[in-house]
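For reference, the structure is listed below as structure tokens.
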2 protein chains.
Amino acid sequence: MVTMNDVARAAGVSMMTVSNVLNDRPRVGKETRARVLDVVAHLGYEINLTARHLRAGRTDTVAFVVPGFQTYFDEIADRLAAAFGAQGRHLVVESTGARPENELAALSSVRLSMYDGVILSVAGLTLTEIEGVRTTAPLVLLGEVEVPERFDHVMLANAEGAALATARMLATGSRRIAIAGGDPGGPHDGAGMAAIRRAGWVRAHEGAGLTADPALVAPGAGVGPEVGREAVRHLERSGVDYDGVFAVTDSTAVGVLAGLAEAGRRVPQDVQVVGFDNLDLAEFTVPGLTSVDPGRDAVAHHAARLLQRRIDGATPEPEHVVVPVRLVERGTTRAS
Amino acid sequence: MVTMNDVARAAGVSMMTVSNVLNDRPRVGKETRARVLDVVAHLGYEINLTARHLRAGRTDTVAFVVPGFQTYFDEIADRLAAAFGAQGRHLVVESTGARPENELAALSSVRLSMYDGVILSVAGLTLTEIEGVRTTAPLVLLGEVEVPERFDHVMLANAEGAALATARMLATGSRRIAIAGGDPGGPHDGAGMAAIRRAGWVRAHEGAGLTADPALVAPGAGVGPEVGREAVRHLERSGVDYDGVFAVTDSTAVGVLAGLAEAGRRVPQDVQVVGFDNLDLAEFTVPGLTSVDPGRDAVAHHAARLLQRRIDGATPEPEHVVVPVRLVERGTTRAS
DNA sequence: CTGAAAGCGCTAACAG
DNA sequence: CTGTTAGCGCTTTCAG
């Protein structure tokens with residue numbers, strides 16, 4: 001490995017001069033600079049970032065830790081990358097594989113010191129587990145679960161969104177609205193998030209003077225398409241009457257649509273469907289998926305802003321941002 | 001910030017002992033160990049990875065650099081994370097935003113020194129641009145473009161897959177098979193990959209004694225769903241006759257299905273459709289998407305293996321792996 | 001079983 | 001405009 005020292009020696013200058021050249025600092029003579037660059041190219045020198053990081057005390061890199069690399073997070077990640085890129089910082093994405101122990105590891109430990117800051121998307125941790133975390137590193141939590149007061153936190157208006165979705169279907173004639181995805185079968189399969197969204201589903205019924213029927217909560221842990229399809233299959237098998245489905249995520253909704261097609265139910269004539277996330281994909285399902293838009297731009301914006309102020313060294317009051325949602329209407333709901 | 005020195009002082013031992021305790025090295029007394037751990041907990045000490053990295057000369061972290069965080073790459077990333085995790089290494093994912101200059105930056109420069117190795121998914125770079133790269137860091141290239149001999153490279157059997165897809169539709173009666181996605185309108189929008197797949201489309205026609213009609217190459221750069229939908233809209237507007245569509249990626253295919261629904265074409269009765277990638281999503285479109293499966297497990301396996309041997313310090317002959325593909329038949333093609 | 005010294009590669013601060 | 005000094009926080013020698 002060729003070091004800065006090697007370059008300095010070969011160019012007949014001091015290391016400092018090499019450093020100054022490489023960092024585009026002004027006070028270096030033209031010829032010296034040229035000679036140094038020449039030697040750099042010749043020797044194939046590449047700066048050792050690790051050393052620079054140690055010296056500088058920062059890495060100019062922030063991490064976005066997600067439960068998995070799948071959809072929804074990718075659309076947040078792109079926005080975060082843009083936000084941090086604009087500040088001259090790099091974004092890296094790490095996955096916990098949805099394993100709570102990895103989420104904890106991302107929090108409590110060591111790896112924080114590799115980054116100037118971390119945005120952790122909490123999926124599997126409980127409040128108590130997070131309580132135990134003692135870290136002073138810049139950290140912002142993302143996600144639809146309760147977190148301790150002392151952390152910065154960005155979450156969605158989950159219950160409101162779910163209520164919005166449900167109310168929309170009630171308004172256009174559905175009376176038996178099932179809910180698919182995130183059943184608390186497994187502890188870390190979006191169960192926390194789904195519970196809040198289920199509360200919104202209940203609330204919307206109440207708001208309309210109706211009662212949500214527990215028989216319409218389809219079983220199945222997780223929030224992927226397979227859960228949505230299984231939910232519909234379950235409804236069909238059980239013979240229960242239903243004329244609407246609220247899917248706790250768009251990903252689930254895609255499976256719901258597949259299941260309904262399989263069962264020969266027409267959407268939206270026989271069954272209306274609403275998802276949550278408004279993924280790019282929602283525009284391309286057949287029919288287009290009506291979905292709750294979580295304001296990803298706002299989520300990314302707030303996460304980046306909150307992390308930034310911690311990195312800047314401030315120790316402000318923790319902020320808990322709830323990003324408002326809105327309903328985007330497409331073809332899986334009937335005209336109102 | 002509390003350092004190892006602080007811990008040592010507070011525990012009345014040397015730094016070395018603290019280090020030994022923290023690294024679970026054997027030759028430390030039971031009581032000493034307990035005392036040290038106690039102080040560590042008390043002071044909230046966390047090891048500084050940057051310093052360890054500098055000292056150790058490695059970071060136990062590898063990077064997967066992708067054009068964007070979207071689908072397909074996420075499904076590779078999950079597999080890579082598993083493969084490297086099993087070796088006690090971390091995987092981080094970085095996005096270039098599909099900008100060639102960022103791909104180059106990922107290659108040539110600095111950032112390589114942050115990682116023990118890099119897997120770069122090449123999307124926008126030309127052969128000449130890659131030729132210019134001089135790096136000795138462990139590096140594996142992924143992607144459907146030509147790369148210099150001297151790099152390890154994993155790619156798919158693109159032309160074969162495209163031919164397979166096309167031949168399948170020809171075998172079940174399609175005679176006018178359009179191709180959607182990756183038109184060389186923009187230089188860095190999957191154009192290289194699409195060109196190879198288009199060659200497979202041509203070859204399949206020849207194999208059947210037919211000629212691919214250039215009028216059936218739908219315009220539109222990129223490989224996302226919007227391109228697929230626009231492709232169908234273009235075909236419809238142009239009034240050209242078609243009874244099959246090969247979409248260069250599944251993502252494109254999703255848009256094609258949306259476009260066909262919009263145009264009132266029945267799939268697969270009026271128009272057959274085949275995609276490429278066999279995304280998890282392919283099972284959940286309506287109807288289910290017939291798709292070329294690129295053997296993602298194999299891709300991830302080879303990429304990890306090739307990188308591993310470079311990290312291990314070997315300088316073996318560069319390997320160029322072509323991963324075989326197979327066709328997964330679902331509802332967008334007719335029974336054969 | 002524990003400690004002291006040396007240095008990984010770089011840069012901030014200060015001289016010259 | 002260029003060089004010297006010192007040290008970021010840790011771990012690998014090698015002594016005790």
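We name chains A, B, ... by the order of the sequence lines, and we start the count at 1 in each one.
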ask   = Is the shortest heavy-atom distance from the side chain of B:Val21 to the side chain of B:Leu37 under 4.5 Å?
value = yes

query = If you look at every strand shown and take non-hydrogen atoms under 4.0 Å, does A:Gly29 touch a base, only sugar-phosphate, or nothing?
reply = sugar-phosphate

key: Any A:Arg58 side-chain N or O less than 4.0 Å from OP1/OP2 of C:dC10   = no

request  = Give the rounded distance in Å between these two atoms: CZ of B:Arg9 and P of C:dG3.
outcome  = 13 Å

inquiry  = Of the listed nucleotides (C:dA12, C:dA6, C:dT2), which one gets closest to any side-chain atom of B:Arg55?
reply    = C:dA6

request  = Give one of base, sugar-phosphate or nothing for A:Asn23, where a contact means two heavy atoms less than 4.0 Å apart.
outcome  = sugar-phosphate

Distance below 4.0 Å between B:Thr17 side-chain N/O and C:dG3 OP1 or OP2 = yes

ask   = Separation of A:Leu54 atom CG from D:dC8 atom C1', in whole Å?
value = 4 Å

query = Rounded to whole angstroms, how far apart are CD on A:Glu31 and C1' on D:dT2?
reply = 14 Å

inquiry  = So if I take every side-chain heavy atom of A:Ser19 and compare against C:dG9, C:dG3, C:dT11, which nucleotide ends up nearest?
reply    = C:dT11

A:Thr3 side chain near C:dG9 phosphate (N/O to OP1/OP2, under 4.0 Å) = no

task = Using atom NE2 of B:His53 as one end and atom C1' of D:dT11 as the other, report the distance to the nearest whole Å.
result = 13 Å

message = Please report the distance, rounded to the nearest Å, between CZ in B:Arg33 and P in C:dT2.
response = 10 Å

query = Between the main-chain N or O of B:Leu156 and the side-chain N or O of B:Glu144, is there a donor-acceptor pair closer than 3.5 Å?
reply = yes

message = Using a 4.0 Å heavy-atom cut-off, does B:Thr50 contact any base of the nucleic acid, only the sugar-phosphate backbone, or nothing at all?
response = nothing

message = Closer than 3.5 angstrom, by distance alone: can the side chain of B:Glu94 be matched with the main-chain N or O of B:Ala63 as a donor-acceptor pair?
response = no

B:Ile47, nearest nucleotide to its side chain (from C:dA12, D:dC10, C:dG9) = D:dC10

inquiry  = Does B:Met1 reach a base, just sugar-phosphate, or nothing at all? Heavy atoms under 4.0 Å.
reply    = sugar-phosphate

key: Interatomic distance where CE belongs to A:Met16 and P belongs to C:dA12 [whole Å]   = 6 Å

Nearest non-hydrogen partners of B:Arg150 and B:Ile130, listed with the distance = NH2-O, 4.1 Å

query = Whole Å only: how far is the CG atom of A:Asn20 from the C1' atom of C:dA13?
reply = 12 Å

Interatomic distance where CE belongs to A:Met15 and P belongs to C:dT11 [whole Å] = 8 Å

message = Between A:Asn20 and A:Met16 (side chain of the first, backbone of the second, donor and acceptor by atom type, cut-off under 3.5 Å), is there such a pair?
response = yes

